[in-house]
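One structure is given here, and the rest of the page talks about it.
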Amino acid sequence: MIVKRYTSKILIYISCLLFFVSCIDETYEQAVGDSFITVRGLGLQDTTHPGDPDDRTIRSLRVLSFDHATGNRTTNVRYNAWLGDVVRHTILLGTYDLVFLANEPLLQDVVTALEGVSEYNDLKKIAYPADCFTSEQVIPMIQVIKNVTVLSNGAGAILGNGTEVSLLELGLDRLGVRVDVVLEAEENFENDFKGIIFSKLPNLVPLIAAEYTGTPIERDGTRTFTRTENGNYFSDEISTTSGANWAKGINRIILPSNELATPGDKAKAVVFTVDMGDNYHPSRELEINPDPVNYSLPINTKLDVLGIIKGLLHVSIQASPWDETANGWDISGNKQLNVSAVEVSITDFNVARISFWSNMPEVKVLPKAYVGTGSEEADTDKIFNDLIWRTKDVKDDGNTVTYTTSRFSYTYNKSEKAGTGYMDVLLDDLNEKGSQKTFRLILSAEDNDGGGKLQREIKVHTSQYDKRFSFNAYGTGYIGAFFRNKEMGERIVTGQQTRKVADTNGYVSPEEIGQIKEWNASVLEGEDFIVLSTTPSFDPSVGTDNPGKAEHYAVRPNEYKGETGSRVEGNGRIYFRIGMKEENKTGAPPLWEDTGEALRW
């Protein structure tokens, strides 16, 4: 997920047109004469996301100053903030490090800690409780401006970069994170969708995260938003994704920021989950950048999350910019390749579906993958099933170009200069019982001539607990699955085809030797209660000793491939799912149990 962060600078605008008065809690020595600095905040201008008035509300402002040379506190004043007022903060002539705290929580422990600050290092020990960051409260904010020289007679100040200002205009950072969510799906999930969950939230938000030395932060917090108890957050939306017929919005969720000392520490990431009732709950870690991966949620971050529910079990997440960007993150308008995940784990019985978005004409998986963490190469097609598209897999209708294999799809709209796609990462020739290996795939977005490349590395951890049967025949065979009367969930059919070899009858041309074989499976005529799909299983534990409950994983046709549920096809590795369209309400055995035949392939 790419998140564009609103970057605070001294002379950019914050919040609404606010000024500050009413001095209280004065804990500083009275300055001599008329020495003071004038402070005010101005509203955000021309931002990508202007937000809501509550995002820009300020109710208080604490001004702390510290001697620039010693770090000792010189002033500490909390002001009430009212529209149209100006803070004239009395201070001795000198050079200071200034800290501005807006909307500090009025909790006794917090107030006591702030009033007791005697040196700058004391701020490094202070953190606000996570409960102070909700949609029902004003958002705490901070700004630190170091090396400011105060001029005499209220003439202003000289900033560290030499700029002289008569009025110090603040650019406060919100210490929280705002999340807006839109969920979309082809099917109507009105009865299945219960709400959303954020878990592994931090219990504290440090004032200065990069320098924090206070109480260790725990990350075991959970916030649940349900349609029944938090209906004001939810709204019906108009879907923007092609083919989507159902959409829900969840607006203005305020969470505590989650800044990590090690940005790639996945164990400390905030987890976003879609609650689908009795069905599988799709979830994923929130990240602000996939390459290199960064699971932090820095202060002043706004996430626009687009969750696309594929079938019942898949959620992809995309983020959009708040305003300016920093730290080398992807910038809107430049070359983009955003992926839903850069590290996945699969067994021999499940598949990792990775969605991606780009503004480049071509997106492809490179033919060489890497083994482990080193430079050893492997043929992508020898490890994973049918990810490499070839010239025959490209269709151009004039405005839209599609690149499609049985496990990869990318559709690019020339007029909109935007494309979307997915790939199902499934093992193929790697058919080794007990194998535990990691591979690194390279997804590459390119111009039509192969230039201007933007690439993402995707790490795939593979585990095999058994060995697949081989299917070598070119002819027709039969296969079935067993269901109790009330069962409808997935059954997985899997096997391994050998590659094409020389054929004395002339059915295999020389250029085809070594290529993967095509296969298809069809429901027998009249057995319309069965549904087939090449959409993968999203049970993360399938193929292990502790698989999930099959009834939590409904089988629906793969909408990417235009399946109807009666026929599936693929190349190379055999992998598809069987399910029931409805329970067997009659109590009688299904017809295919009498015939002994369910599927023909």
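Index from 1, following the sequence.
- When side chains are defined from C-beta on, V460 counts as touching L441, because their heavy atoms get closer than 4.5 Å.
- Side-chain contact between V270 and L297: present, with at least one pair of heavy atoms (C-beta onward) separated by less than 4.5 Å.
- The CD1 atom of I299 sits 4.0 Å away from the CG atom of D173 when rounded to the nearest 0.5 Å.
- R440 pairs by the salt bridge (charged side-chain N to carboxylate O under 4.0 Å, His left out) definition with E457, not counting sequence neighbours.
- The side-chain heavy atoms of V555 and M488, taken from C-beta on, include no pair separated by under 4.5 Å.
- The main-chain N or O of A418 is never found under 3.5 Å from a side-chain atom of W357 such that the two would form a donor-acceptor pair.
- Using a cutoff of 4.0 Å between basic side-chain nitrogens and carboxylate oxygens, D429 and K382 are not scored as salt-bridged.
- For the pair L260 and D265, the tightest heavy-atom approach, listed with the atom from each and the gap, is CD1-O, 3.9 Å.
- Residues passing the salt bridge (charged side-chain N to carboxylate O under 4.0 Å, His left out) test with D220, sequence neighbours excluded: none.
- Using modelled atom types and a 3.5 Å distance limit, the side chains of S537 and E490 yield a donor-acceptor pair.
- Residues meeting the side chain to side chain donor-acceptor pair (under 3.5 Å) test with E377, sequence neighbours left out: none.
- Residues meeting the side chain to side chain donor-acceptor pair (under 3.5 Å) test with D180, sequence neighbours left out: R178, K302.
- Remark: the backbone N or O of G264 is not paired with any side-chain donor or acceptor of T262 at under 3.5 angstrom.
- Partners of K437 under the salt bridge (charged side-chain N to carboxylate O under 4.0 Å, His left out) rule, at least two apart in sequence or in another chain, are E432.
- Not counting sequence neighbours, E229 has no partner by the salt bridge (charged side-chain N to carboxylate O under 4.0 Å, His left out) test.
- Here the straight-line distance linking atom CG of N413 with atom OG1 of T402 works out to 12.0 Å at 0.5 Å rounding.
- Across all non-hydrogen atoms, the minimal contact from Y212 to I126 is CE1-O, 4.0 Å.
- Considering every non-hydrogen atom in both M360 and Y410, the closest pair reads O-OH, 2.7 Å.
- Rounded to the nearest 0.5 angstrom, T226 OG1 and D275 CG are separated by 8.5 Å.
- Exactly one of D348, N350, N385, T534 qualifies for a side-chain contact (heavy atoms from CB on, under 4.5 Å) with L426. That residue is N385.
- Listed by first and then second residue, the side chain to side chain donor-acceptor pair (under 3.5 Å) pairs that reach into residues 365-375 are K368-D379, sequence neighbours excluded.
- Residues satisfying the side chain to side chain contact (heavy atoms under 4.5 Å, CB included) criterion with A378, sequence neighbours excluded, are V371, I383.
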Chi angles and distances behind the side-chain contact (heavy atoms from CB on, under 4.5 Å) call for V363, L443 | CA-CA 7 Å; V363 177; L443 187 66; 3.7 Å; yes

Criterion side-chain contact (heavy atoms from CB on, under 4.5 Å) on T462 and L430, from CA distance to verdict | CA-CA 10 Å; T462 67; L430 182 62; 4.1 Å; yes

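- With rounding to the nearest 0.5 Å, the separation of CG in N103 from OH in Y128 is 9.0 Å.
- Between F349 and Y465, the ring center distance fails the sub-6.0 Å criterion.
- If you take CD on Q436 and OG on S463, they are separated by 3.5 Å, rounding to the nearest 0.5 Å.
- With contacts defined as side-chain heavy-atom distances shorter than 4.5 Å, the pair R219/N258 qualifies.
- Of the possible polar contacts, one joining the S135 side chain to the R252 backbone as a donor-acceptor pair under 3.5 Å is found.
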Check the pair S406 / D386 against side chain to side chain donor-acceptor pair (under 3.5 Å), numbers first and verdict last.
-> CA-CA 6 Å; S406 64; D386 206 19; 2.5 Å; yes

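- Remark: side-chain polar atoms of D539 are paired, donor with acceptor, to backbone N or O of G548 under 3.5 angstrom.
- The closest donor-acceptor contact from the side chain of S257 to the backbone of L175 lies under 3.5 Å.
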Could you pull out every donor-acceptor pair under 3.5 Å between side chains of residues 193-209 and any protein atom, sequence neighbours left out?
| from | atom 1 | to | atom 2 | distance (Å) |
| --- | --- | --- | --- | --- |
| K194 | NZ | N191 | O | 3.0 |
| K200 | NZ | A267 | O | 2.6 |
| N203 | OD1 | E218 | N | 2.8 |

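- Residues V179 and F272 are not in side-chain contact: their nearest non-hydrogen atoms beyond the backbone lie 4.5 Å or more apart.
- Here E190 pairs with K248 in a salt bridge; the nearest charged N to carboxylate O distance falls below 4.0 Å.
- The two residues L172 and A102 make their nearest non-hydrogen contact at CD1-CB, 3.8 Å.
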Should E237 and S235 be marked as a side chain to side chain donor-acceptor pair (under 3.5 Å) after you check the CA-CA gap, both sets of side-chain angles, and the distance that decides it?
-> CA-CA 6 Å; E237 299 290 332; S235 61; 2.7 Å; yes

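- In this structure, the side chain of Q496 does not engage the main chain of N431 through any donor-acceptor pair within 3.5 Å.
- Residue pairs meeting the salt bridge (Lys or Arg N to Asp or Glu O under 4.0 Å) criterion with at least one member in residues 126-143, sequence neighbours excluded, do not occur.
- Not counting sequence neighbours, the partners of N121 by the side chain to side chain donor-acceptor pair (under 3.5 Å) test are K124.
- K467 NZ: 12 or fewer foreign heavy atoms inside a 6.0 Å radius.
- For the atom pair OH of Y553 and OG1 of T535, the computed distance is 15.0 Å after rounding to the nearest 0.5 Å.
- I254 has its side chain out of reach of V177: every pair of non-hydrogen atoms, C-beta onward, lies at least 4.5 Å apart.
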Taking it one step at a time, do R174 and T301 satisfy side chain to side chain donor-acceptor pair (under 3.5 Å)?
-> CA-CA 8 Å; R174 302 166 182 87; T301 297; over 6 Å; no

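- The backbone N or O of L337 lies less than 3.5 Å from a partner atom in the side chain of R456, making a donor-acceptor pair.
- Counting only distance, with no hydrogens or angles, the side chain of S533 and the backbone of R556 share a donor-acceptor pair below 3.5 Å.
- Here E446 pairs with K364 in a salt bridge; the nearest charged N to carboxylate O distance falls below 4.0 Å.
- F225 is linked by a ring-ring contact (aromatic ring centres under 6.0 Å, His included) to Y233, counting only residues two or more places apart in sequence or in another chain.
- A side-chain donor-acceptor contact under 3.5 Å links R491 to the backbone of G489.
- The two residues N546 and S541 make their nearest non-hydrogen contact at O-CB, 3.2 Å.
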Give the C-alpha distance, both sets of side-chain angles, the deciding distance and a yes or no for ring pair (Phe, Tyr, Trp, His ring centres under 6.0 Å) between F408 and F356.
-> CA-CA 11 Å; F408 179 95; F356 48 86; 5.7 Å; yes

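- Listed for the T380 side chain is a donor-acceptor partner under 3.5 Å among the backbone atoms of P367.
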